[in-house]
Amino acid sequence: MNEDARPADARHERLEELWGAPGGWASLSAVNHTTVGLRYLVTGFGFFLVGGVLAMLIRTQLALPQQDIVNPDLYGQIFTMHGTVMMFLFAIPVLEGAAMYLIPKMIGTRDLVFPRLSAFGYYCFLFGGVLLLSSMVAGSAPAAGWFMYTPLSNATFSPGIGSDFWLIAITFVEISAICAGVELVVSILRSRAKGMALNKMPIFCWYILAMALMIVFGFPPLILASILLELERAAGWVFFDVDGGGDPLLWQHLFWMFGHPEVYIIFLPAAGIVSTIIPVFAQRPLVGYRWVVLAIVVTGFISFGLWVHHMFTVGIPQLALAFFSIASMLVAIPTAIQIFAWLATLWCGRVVFHLPMLWIVGFLVVFICGGMTGVMLALVPFNWQVHDTHFVVAHLHYVLVGGMLFPLIAGFYYWLPHVSGRMPSDKLGRWGFWLVFTGFNVTFLVMHLTGLLGMPRRVYTYDAGLGWEWLNMVSSVGSFVIAIGVATIIIDVALHFRFGRRAARNPWNADTLEWATPMPVSAYNFASLPPVATRHPMWETPDLPQSIAAGKHGLAEWEHGRREIYGSDAITGRLREVIHLPSNSWVPLQVAMAIAAVCISLLAKAYLVALSAVIVVLLLVFRWSWHNGAHPGAAPLSDGEPVELPLHSRTFDGPGLWGMNVGLMANGTFFAALLFGWFYLWTSSPEAPARSPLPLPPVLASGVLLSAAVLGFRRVVLKLRKGRDRNLQRNLWFVSALGFGHVATLVWALLAAPLVPSQFALDAVVSVALLYLLIHGGLAAILTVLQAVRVRFGYVGIRVPYEPRVLRPFWYYLLSVYWLTFAAIVLLPMQWTSS
Amino acid sequence: MDQQLMRVPLHPLHLVIGLTAWVLWLFAIYGGLAIACTFAPGLAAARGPSWINGLIVAMALLVASVLLWQARACWRATSLPEASGVTGQFIGSVAAAAYLASAVASVALGLAALVFPPCL
């Protein structure tokens, strides 16, 4: 322990008590980012080991021709689960966990802005993962590939509940990803240290900001696709079945709209680790900070324009293929900018080859090779030749293992002393690296050749005499070398907690703020919150840990008993308010358990139980929202409030508003994907509907009521802003009544419409759109009722006007999507009919 | 500071506007092409570049021109008094480069229309 960086005992104890996790079973109620981030990491690595064992089974089966260690059906389950576990339960959650752990420390604050959301996200990830793995124990794991292509995954070709497990559990896990995305975006933008302008942010924060925004926009299409496919499997609604005007390619589009950005969602944070570590071990600032920021932003966007390159063989016109081929090559440019920035930094610095740097060098070698084969695959004729062969398997492993696992382990070794206060063994660590690096290249380098010789993916065995025998044997031997390397790393880490030498403060002489926190890690990060005027605070102010620990900076007092952090301007880092955060809570766990009950009920086709569980979820969520603002459990109104900066719940702006807006971006992407599905099915089956299936009067009446409600709510917020709360409660009741009227007329429209979703794909899409509007309309009305009740309790009013302001964008959003839906599914079909 | 930045092209939104335009441009030409190939008479059978190819190239040049103009505006804004803070210069220069990259990428997509038939 570093006595000089640890606050005086009394202060440390009080801060730990205020911010820390309780002991025993009560620790399940912990919400602070350090605890939650570490839980993500440990759980994710647990799933990684499961995925690794599945990989060993695959390689054992393929080591020799004509083996029958596993049968074809089980082999299908194994490779499906290997891909699913590694992508959804390891790669993304682990990087989210690393970001959750590191970001508040790097931006000089004490926690993320929505701690309960962090904890909720973790439990969704944990329960979703366990639910998915339980399908293996039950012997009915999904077997249609990690991409779940239809029609293979539909009820005809995948009977049983394997695919249902995938669709429901993965959607559950994706809730976790969206939570993390919203959380990280708002935290990075609104809770940085005083003076930490955008251009002063550690480069890692730019990477995580991009990753989080990509999650927000990238995951909703897959959530939609999973819901549609599950509706098709369970309720017989038609979306992907050509007999009813559906199209299996719609699944592929929606899946890869998520799937390709996901590759960069995985790569960008890993590249962030590289951009953080290289300057530290080169002992100089990153060369080309602005160029790297530009590259991050450009990569994030271009990655959304590549999804069709996974579909080059499905029969798309050449011109359209060319668009995506060009875009696929363009994305190599920002990646190359980053690589040159890293090389230039190494070139200009004096590199110290500690263990993390070894993994970084391994990353550079492996990832650049993977990038090269990526450019090869962007070329359409070559892509056609090697499509669905082991060449693609080799490429994706070079990109994902090289681009994610190597930097992740580098970061793991780099920040391990921060967590444990001890150093890992250099000797064991180097053994681990060389075993993994050698084993990886032995496994996958030759696999390119296996693919070029024509061996297809996903075959459970192959005949002798095709020239693939020795290549497969080499790959299998290499995979076991990787396994020995991973075991060596695990032993190293396990032993270091007991035998590792004590780490010095800031053992790598790093430049970023996380090394100014106590070591081993504390729950509160900083005893006082320092101003930051440079990108390299620990290099330019080496005594920062001491002054922080001595309470010489902001928010050093704890007597009020609130968890407080600064809220700052998104651009300049100027302080704007004090954000009060919720304390430990059981509600996130309870909500996640209730959602798990919904999922299990759906799997068991116990729909009444599922409906009951949904009601429980809603009640718990409303209880969650109740404990906010001026509630006695949060920050009740008092005379002793901060003078210099207001508490955020006393303002019209704060993290909740930003969270609402970012959440609505994800929601809007979901809606846009639904509209895409509508138009896609229209163009793929243009002869299908020549009518508007909805009756005009109730739809128009519903829209008018909704518009009136939104105008009414807007007026309420404007009056609050002017400092007037006369008839506030009555007005909120009136708005909610209009909202319920809107919902009731929409139900009328739904019941009056001659929709046959089990026969016609477009009817099925219309039904989903109406259900979407109903859910949102109902939610808006109920949330407004809650606001009216909170006025009665004194939690909303002139002194605490925040919550109606947070709710207002939701009403605006609902109004927008309602009239957009009206235009797409009512006006457009009317136009068809008339033409 | 942030209010000042809103008035000149130094707001962080400019870091993403150009690239958003590029993504929308890609969606528009891909989706528009699908609709045109489905409904425009004679287009589906065209064996060489046709009127829609010309339209795509023209639109690509238009989109790129707007993006280049924005890149210039951002770059020039870095010398304004409002950009005297390092943040303004940082955002202005990175946004200018992002607009430039978007313009190049937009033209790159459009160039494909010079070569391939629209619907085959």
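Here is the naming used below: chain letters follow the sequence lines, and residue numbers restart at 1 for every chain.
The backbone N or O of A:Phe312 lies less than 3.5 Å from a partner atom in the side chain of A:Trp384, making a donor-acceptor pair. Proximity of a side-chain donor or acceptor of A:Ser325 to a complementary backbone N or O of A:Ala378 within less than 3.5 Å is detected. Remark: the backbone N or O of A:Ala570 is paired with a side-chain donor or acceptor of A:Arg192 at under 3.5 angstrom. With B:Ser50 contributing its side chain and B:Ala46 its backbone, the two residues share no donor-acceptor pair below 3.5 Å.
Neither the backbone nor the side chain of B:Val115 comes within contact range of chain A; no heavy atom of the residue lies under 4.5 Å from a heavy atom of that chain. Both the backbone and the side chain of B:Thr20 come within less than 4.5 Å of a heavy atom in chain A. Both the backbone and the side chain of A:Ile302 come within contact range of chain B, with heavy atoms under 4.5 Å apart. Contact of B:Ile29 with chain A is made through backbone and side chain together, with heavy-atom distances under 4.5 Å. There is no contact between A:Phe676 and chain B, counting heavy-atom distances below 4.5 Å. Both the backbone and the side chain of B:Pro117 come within contact range of chain A, each with at least one heavy atom under 4.5 Å from a heavy atom of that chain. A:Phe324 touches chain B through its side chain: at least one heavy atom from C-beta onward sits under 4.5 Å away, while N, CA, C and O do not. Both the backbone and the side chain of A:Leu294 come within contact range of chain B, with heavy atoms under 4.5 Å apart. Both the backbone and the side chain of B:Leu15 come within less than 4.5 Å of a heavy atom in chain A. Using a 4.5 Å cut-off between heavy atoms, B:Leu26 contacts chain A through its side chain alone, with no backbone atom that close.
Using a cutoff of 4.0 Å between basic side-chain nitrogens and carboxylate oxygens, A:Glu577 and A:Arg190 are scored as salt-bridged.
One finds the CG atom of A:Asp569 at 14.0 Å from the CE atom of A:Met196 (value rounded to the nearest 0.5 Å).
At a cut-off of 3.5 Å, with distance as the only test, a side-chain donor of A:Tyr289 or A:Trp206 sits close to an acceptor on the other residue. A:Tyr207 and A:Ser275 are linked by a side-chain donor-acceptor pair at a separation below 3.5 angstrom, with hydrogens and angles left out of the test.
With chain A as the partner, the residue from B:Ile35, B:Val16, B:Val23 showing the most heavy-atom pairs under 4.5 Å is B:Val16.
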